[in-house]
Every structure is written in structure tokens, then in C-alpha cells.
Protein chains: 2
Amino acid sequence: MNRELLKKHGLKITPQRLAVLDAMNNLHDHPMAECIIEFIRKNHPNIATGTVYKTLDTFVEKVIIKRVKTDRDVMRYDAITSHHHHLYCMESDRIEDYVDEELNKILNEYFINKGIPNFQIEEIKLQLSGKFTDTTQK
Amino acid sequence: MNRELLKKHGLKITPQRLAVLDAMNNLHDHPMAECIIEFIRKNHPNIATGTVYKTLDTFVEKVIIKRVKTDRDVMRYDAITSHHHHLYCMESDRIEDYVDEELNKILNEYFINKGIPNFQIEEIKLQLSGKFTDTTQK
DNA sequence: ATTGCTGCAAACTCTTTGCAAGTTC
DNA sequence: GAACTTGCAAAGAGTTTGCAGCAAT
């Protein structure tokens, strides 16, 4: 539950923070701040832009969410779930998660054996660029 | 040579464009626009900020360079060389190229066999986040 | 001569900041 | 009541745009 999530990270429980978490749970497509604000304002019309940005920053700091960025556009945010990669279409600017444990295993083993000089790996993330071939636009 | 590169892409050869290309050749660390401008102004003090941005956009369009973006900061640019991945340190914000043909081969084979439903892959790129363990700060 | 490019400055977008007033624990 | 959080509005950074004049072909 969201209240416990906040408590766990030593954050005070406020309607604004709950609203941002709620938005993150409901907006699945790596929303940008603007979408999050728009979503929240439906039920909570007076929330300030600055508050949402501050809240998102706080959550990023506490690793409740992560930032995502493509080569083209503004900041987006990603609720933390399992370790996943991104499928990205340049044309539509759509981003989808891609989870593949088999791939993670291969990559982990590969780098454990090989290593990289002067670099200690903490996270391996793929960005697969290309085109979505389904018709349902998200 | 830079002049031929421009000609090949149907772009007029101008001192400003040559200067941007020269900067890209000399600045190896995925420079941001600001650094590029600063570099160029050493020899070419009157170049306009807007011109550099326009030139970079033109080059991105013609695929002479690419955009790179981390989760934190501004746009950076990357001279096109061979297919490479990125090592990225969150602390220092440093980015290095990582070239690994063996890895590319493994990834290509993996995805040729496996495929992704509703997605046609055009490019596979890794971002390896972690820490640089050498002392020479770039 | 034609087309394309540059410089300039103003405008724009997204994000951050400062602070007084209000909430949460 | 102490510490933190919010709303607001203004400022900031980075980037884009419009256009008159200039340069390249």
C-alpha cells in the first residue's frame, strides 16, 4: 500500500504524495511530468506544478521511482518494478517495458566472466530501438 | 574529410559547419551543446548559439551524429563511429563508449532466435551504469 | 540568381527555487 | 510544537524560432 511505502522511506503521508503514487500506478506508459500533473488534477485540481516536481524528485532520491529519458524529449518517470529493459520507437515516441530473465542471466554471466577494465558494473540496461508492429496505439 | 562529409549529405560547406564537425572530432566525451559552443568560440568567436543548435539538429537529421541522453541532464551529442554501447557513471556523470563485437554477436543471435512480439528491432544498445575505478578524471 | 545558412534576439518549454502559510507526526 | 511539506509565482537553464541579411553553389 502507498501509505506504507511512504512510511517505509521516512516520508510524511500527504494527499499530494499519495496522488503522485496513485498516478504512477495508473499511468503505465512512462509518463512525463505533464501527464502526471494532468492525471492528478482530475481529482485534486489545486496541486501545484512545483509540488509534483518536488515530489517526483523526492521519490527518485528514495528510489521509489526512476527517471527515464529518450534521446528526444523531456523527462519521464518509471515506477520501480522488476529489472526491465526498454523498447523504444522513435517514430511514435512510445516506450514499453521489456522483461526477459533469460537475457538478464546471459548478460550477467557474460560480464562476470569478461568484466570491463576500470569499470564496476551496477546495472545493465538495454534500449531496443525499432518499430512496434501492432496496431493498437497506446 | 569533413568537406566531403557535408557534400555527401547535400549540405553546403560553411565555416560554421566545419567548426562543429571539428569540435565533434576533438571533443571525445559526448559533449553537450555548451561545450561544443565553447570549443568553437576559441577559433571562431562570433558563432551564434542558435547556429550551433541548428547545425547539430541538421547533423542528427542526416545521421552524421547522434543524440545521447542520460537520465539526469541535458542533451549530448555523439560522433557516429562503429556501433557501441555506453558506460555511464551516475556520480561523475561521465560517459564512455564501450565497443564489444563479441557481445553484439551474442545479442544479435539471441534476438534473431527469440524475437519480440509486435516489435521489429532496429538497434540494440546497452547502458551499463556503475562506477569508474580509474583515477584519471576525464 | 537561387537556394540555403547565419546571426541575433526574443520566445518557449520544462524544471527549479524561495519563502510564507499550512500539515503531519 | 518541531520538522517537514505545500502553493505560488518568479526565475532559471537549455533549446527553438523568425527573419533580415549574407554566403555558397
With respect to the phosphate group of dG7(C), does any side-chain polar atom (N or O) of Gln16(B) fall under 4.0 Å of OP1 or OP2?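 Affirmative; the distance criterion is met.
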Are there more than 12 heavy atoms of other residues, nucleotides or ligands under 6.0 Å from atom CD of Glu123(B)?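 Yes, the 6.0 Å shell around CD holds more than 12 heavy atoms from other groups.
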NZ (Lys105(B)) with more than 12 external heavy atoms under 6.0 Å: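 No, because the 6.0 Å sphere around NZ of Lys105(B) holds 12 heavy atoms or fewer from other groups.
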Nearest-nucleotide pick for [X], side chain only, options being [options]:
{"X": "Arg17(A)", "options": "dT6(C), dG7(D), dT6(D)", "result": "dT6(D)"}
{"X": "Asp57(B)", "options": "dC5(C), dG7(D), dT16(D)", "result": "dT16(D)"}
{"X": "Ile13(B)", "options": "dC19(C), dT5(D), dT25(D)", "result": "dT25(D)"}
{"X": "Thr51(A)", "options": "dT6(D), dG7(C), dT15(D)", "result": "dT6(D)"}
{"X": "Thr49(B)", "options": "dC5(C), dC4(D), dT15(D)", "result": "dT15(D)"}
{"X": "Pro15(A)", "options": "dT24(C), dT15(D), dT6(C)", "result": "dT24(C)"}

Between Arg67(B) and Asp57(B), does any side-chain N to carboxylate O distance fall below 4.0 Å?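 Looking at Arg67(B) and Asp57(B), the cut-off is met.
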For the pair made of NE2 in His9(B) and P in dG4(C), what is the distance, rounded to whole Å?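 Rounding to the nearest Å, NE2 of His9(B) and P of dG4(C) are 17 Å apart.
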For a quick check of understanding: with a heavy-atom distance under 4.0 Å over all strands, which category does Thr14(B) fall into, base, sugar-phosphate or nothing?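 If one applies the 4.0 Å heavy-atom cut-off, Thr14(B) turns out to touch the sugar-phosphate alone, with no base involved.
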In terms of the nearest nucleotide of DNA chain C, which residue is placed more toward the 5' end: Ala48(B) or Lys12(B)?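 Comparing both residues, the 5'-ward one is Lys12(B).
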